[in-house]
> 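Let me begin by handing over the structure; questions about it come next.
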Amino acid sequence: MKVLVPVKRVVDHNVKIRVKADGSGVDLANVKMSMNPFDEIAIEEAVRLKEAGTADEVIAVSVGPAQAQDVLRTALAMGADRAILITVDGAVEPLAVAKLLKGVVATEEPGLVILGKQAIDDDCNQTGQMLSALLGWSQATFASEIVLAGGKAKVTREVDGGLQAIEVALPAIVTADLRLNEPRYASLPNIMKAKKKPLDSKTPEDFGVTVAPRLSVLRVEEPAARTAGIKVGSVAELLDKLKTEAGVI
Amino acid sequence: MDSDILGQFLDALDRFVRERLIPHEEEVSETDQIPPALVEEIREMGLFGMSIPEAFGGLGLSMSEEVQAAFVLGRTSPAFRSLIGTNNGIGSQGIIIDGTPEQKQAYLPKLASGEMIASFALTEPDAGSDAGALRTSARRDGDHFVLNGTKRFITNAPRAGLFTVFARTEPGSRDAAGISAFLVEAGTPGLSLGPRDRKMGQKGAHTCDVMLKDCRVPVSAIIGGAARINQGFKTAMKVLDRGRLHISAICVGAAERLIRDSLTYAMERRQFGAPIADKQLVQAMLADSRTEAFAARCMIEETARRKDAGQDVSTDAACCKLYASEMVGRVADRAVQIHGGAGYIADYGIERFYRDVRLFRIYEGTSQIQQVVIARGMMRAARG
């Protein structure tokens with residue numbers, strides 16, 4: 001069975017992001033970029049399935065600028081067998097990504113697609129679900145455990161009330177939550193070896209997909225800065241302020 | 001290595017240092033031990049074989065690439081660097097430069113993977129800076145040599161599987177000319193270890209005496225084989241330039257770490273109603289440290305680049321080692337000063353670095369030996 005893992009190049013999670021002065025978006029000039037952390041978890045899970053003998057091949061795919069090669073190289077260093085880069089410059093929305101992935105699924109015919117549950121830049125949390133709808137495949141989102149057996153995937157999901165276990169028929173879409181695994185480090189020897197693994201280049205035209213945005217961003221603003229708090233003298237005073245000033249009680 | 005791969009490599013190393021090594025610094029210092037599971041992680045990362053050629057399972061980094069890696073690795077406790085230091089440096093380079101094909105095949109893959117740790121046994125109780133005066137004897141006995149003597153402060157000896165032992169093969173000689181380098185495996189009858197040395201700093205990095213008593217090794221154990229009898233000191237000298245640049249880069253990494261910690265502290269710590277970083281006397285210390293660390297970084301990058309281009313950098317590598325090791329001493333001293341009382345107590349780790357970096361001015365050639373090497377190099381060049 002092939003496992004397909006889409007990965008996204010995002011601002012590194014250690015970077016303190018800044019909004020552009022004109023409010024048109026986040027300043028990406030000279031900012032360190034890396035693989036979306038949830039996608040690293042997805043890659044790790046796919047590689048573990050391969051190591052366990054459940055999967056035969058792990059294919060990483062990314063939709064983004066030419067520099068997204070870097071995150072594919074990381075995926076290859078972590079253990080993916082080959083990679084596909086669909087080059088798109090500029091913003092690309094979840095629906096366009098899902099349509100492109102549908103095209104990749106049609107040619108690669110994977111038995112399982114594992115995605116990160118969301119990307120840490122736009123926090124959309126849509127691509128996996130949209131891909132599931134486009135393909136008509138089962139979906140199991142927010143996975144904290146995946147067990148494959150007998151053409152089915154038993155997936156434990158992290159939901160508000162606790163854990164939910166579901167079973168879906170393969171082929172299926174699974175999205176990875178934080179506690180699914182702890183991704184390995186791309187070791188230095190494996191980074192060198194990854195250089196020799198195949199990385200195919202594609203364009204949206206290869207899949208007949210238009211990636212023009214359907215949404216327009218009106219304005220991006222920083223969250224309001226937290227103002228200093230006050231100390232209250234007693235519980236009674238606290239309750240009073242919560243009623244009269246904060247208006248929450 | 002193309003620049004994309006080097007960038008990815010340095011990113012991966014930086015992340016490993018930040019997420020796996022720095023959080024273990026205090027534990028390593030307290031217990032005087034790197035946890036075995038962490039040693040395994042370091043092994044899997046490929047850190048033991050950075051400077052060993054790819055053909056033998058290493059990464060085959062050029063000097064320029066190796067110093068970039070050392071800048072990153074230097075940002076955590078030198079104990080971690082010490083663990084991988086001998087396999088990348090003095091413990092393997094002699095074999096790489098002068099070893100026979102059989103010796104390379106037998107040892108380099110194991111050293112690159114970290115399966116075997118290498119130690120470099122040159123220093124003796126009465127032969128340190130004056131290494132040519134060493135007394136360990138190698139008496140010829142047919143196809144063998146019989147080694148007798150004591151080696152001192154041998155880094156990684158307690159966990160080493162292979163020792164490069166320097167011994168006098170020319171009995172009447174008194175200088176460097178009569179010395180050979182032997183590859184002696186741990187467990188060879190007659191080789192034993194002393195108790196672990198108790199040190200000022202670099203806890204978790206271990207050194208001890210290595211004793212040789214009627215230790216028999218074949219002639220083929222000489223690095224380069226029988227053809228290189230009495231050439232051991234030349235082999236030792238060849239590995240030094242690389243080692244000096246590597247240590248210099250580690251000094252810069254440590255300085256950059258201390259500067260970062262000092263800056264963070266100075267911007268948070270408030271006295272007289274403002275962060276102490278607003279005080280000009282504190283700013284002077286930060287600025288001096290930044291300037292000196294930057295100067296050292298530039299010297300090292302330039303010298304590494306010229307070494308990769310095949311130029312003789314012996315004098316300049318000694319300049320780098322002298323300047324960078326003295327520089328990190330000053331930076332560590334200022335870091336303690338900027339941190340004030342917090343710098344003197346153990347919780348912030350600053351006093352630990354202050355003790356750790358003291359060694360850099362001593363090993364792989366003291367500052368005074370570097371000065372002598374530099375001055376002699378200058379005179380040699382002037383004579384033409």
Side-chain angles (χ1 to χ4, degrees), chain A residues 7 9-16 30-37 39-41 43-44 47-48 51 60 62 64-80 83 85 87 120 178 181-199 201 228, chain B residues 1-23 37-62 65-66 68-70 72-73 75 84 87-88 108-109 111-115 260 264 267:
Chain A
V7 296
R9 177 177 180 264
V10 298
V11 174
D12 187 86
H13 70 281
N14 287 306
V15 172
K16 208 174 160 190
N30 299 318
V31 169
K32 183 174 156 50
M33 308 288 281
S34 50
M35 193 193 298
N36 176 38
D39 300 347
E40 277 190 346
I41 296 170
I43 288 280
E44 175 66 32
V47 172
R48 286 187 192 184
E51 286 168 349
S62 191
Q67 298 93 314
Q69 255 199 37
D70 294 354
V71 300
L72 288 173
R73 292 276 174 217
T74 303
L76 293 170
M78 288 175 72
L85 173 63
T87 310
I120 61 165
L178 190 65
N181 59 49
E182 262 190 53
R184 70 194 67 193
Y185 291 87
S187 79
L188 309 181
N190 287 341
I191 287 172
M192 308 279 274
K193 284 179 202 147
K195 220 165 78 174
K196 298 180 185 100
K197 292 184 179 177
L199 196 159
S201 280
Chain B
M1 197 185 289
D2 64 45
S3 63
D4 287 358
I5 300 288
L6 181 64
Q8 195 187 355
F9 170 92
L10 295 173
D11 276 353
L13 184 58
D14 175 63
R15 187 172 166 187
F16 186 71
V17 166
R18 261 188 298 116
E19 294 179 3
R20 299 301 302 150
L21 301 185
I22 289 177
L38 193 56
V39 173
E40 188 56 26
E41 282 185 56
I42 291 168
R43 211 176 73 74
E44 282 171 10
M45 272 305 277
L47 293 177
F48 281 99
M50 290 193 293
S51 66
I52 295 174
E54 281 188 84
F56 298 103
L59 301 176
L61 298 191
S62 68
E65 291 160 354
E66 185 182 336
Q68 293 296 330
V72 176
L73 200 55
R75 290 179 204 147
I84 59 123
N87 279 32
N88 280 296
L108 293 181
L111 297 179
S113 70
E115 179 190 334
R260 192 196 66 196
T264 306
M267 290 173 71

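Owing to the predicted nature of the structure, the values given are computational and were not obtained by experimental measurement.
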> Going by atom type alone, with no hydrogens or angles, which donor-acceptor pairs under 3.5 Å involve a side-chain atom of residues 188-197 of chain A and a protein atom two or more places apart or on another chain?
residue: A:Asn190; atom: ND2; partner: A:Ser187; partner atom: OG; Å: 3.2
residue: A:Lys197; atom: NZ; partner: A:Leu76; partner atom: O; Å: 3.0
residue: A:Lys197; atom: NZ; partner: A:Ala80; partner atom: O; Å: 2.9

> Does anything in residues 49-56 of chain B get under 4.5 Å of chain A by heavy atoms, and if so which residues?
B:Glu54
> Short question: side chain of B:Glu65, backbone of B:Ser62 - any donor-acceptor pair under 3.5 Å?
yes
> Tell me if the CD atom of B:Glu19 is crowded by more than 12 foreign heavy atoms within 6.0 Å.
yes
> Answer with side chain, backbone, both or neither: which region of A:Thr74 has an atom nearer than 4.5 Å to a non-hydrogen atom of chain B?
both
> Quick one: list whatever passes side chain to side chain donor-acceptor pair (under 3.5 Å) with B:Glu115, sequence neighbours left out.
none
> Please list, chain by chain and in numerical order, all residues satisfying side chain to side chain donor-acceptor pair (under 3.5 Å) with B:Ser113, sequence neighbours excluded.
none
> Taking all non-hydrogen atoms of both residues, which atom of A:Pro65 and which atom of A:Leu85 are closest, and how far apart?
O-CD1, 4.0 Å
> Sort B:Glu44 into side chain, backbone, both or neither according to what part of it lies under 4.5 angstrom from a heavy atom of chain A.
backbone
> Keeping B:Asn88 on the side-chain end and B:Leu47 on the backbone end, is there a donor-acceptor pair under 3.5 Å?
yes
> Is it the backbone or the side chain of A:Asn14 that comes under 4.5 Å from a heavy atom of chain B, or both, or neither?
side chain
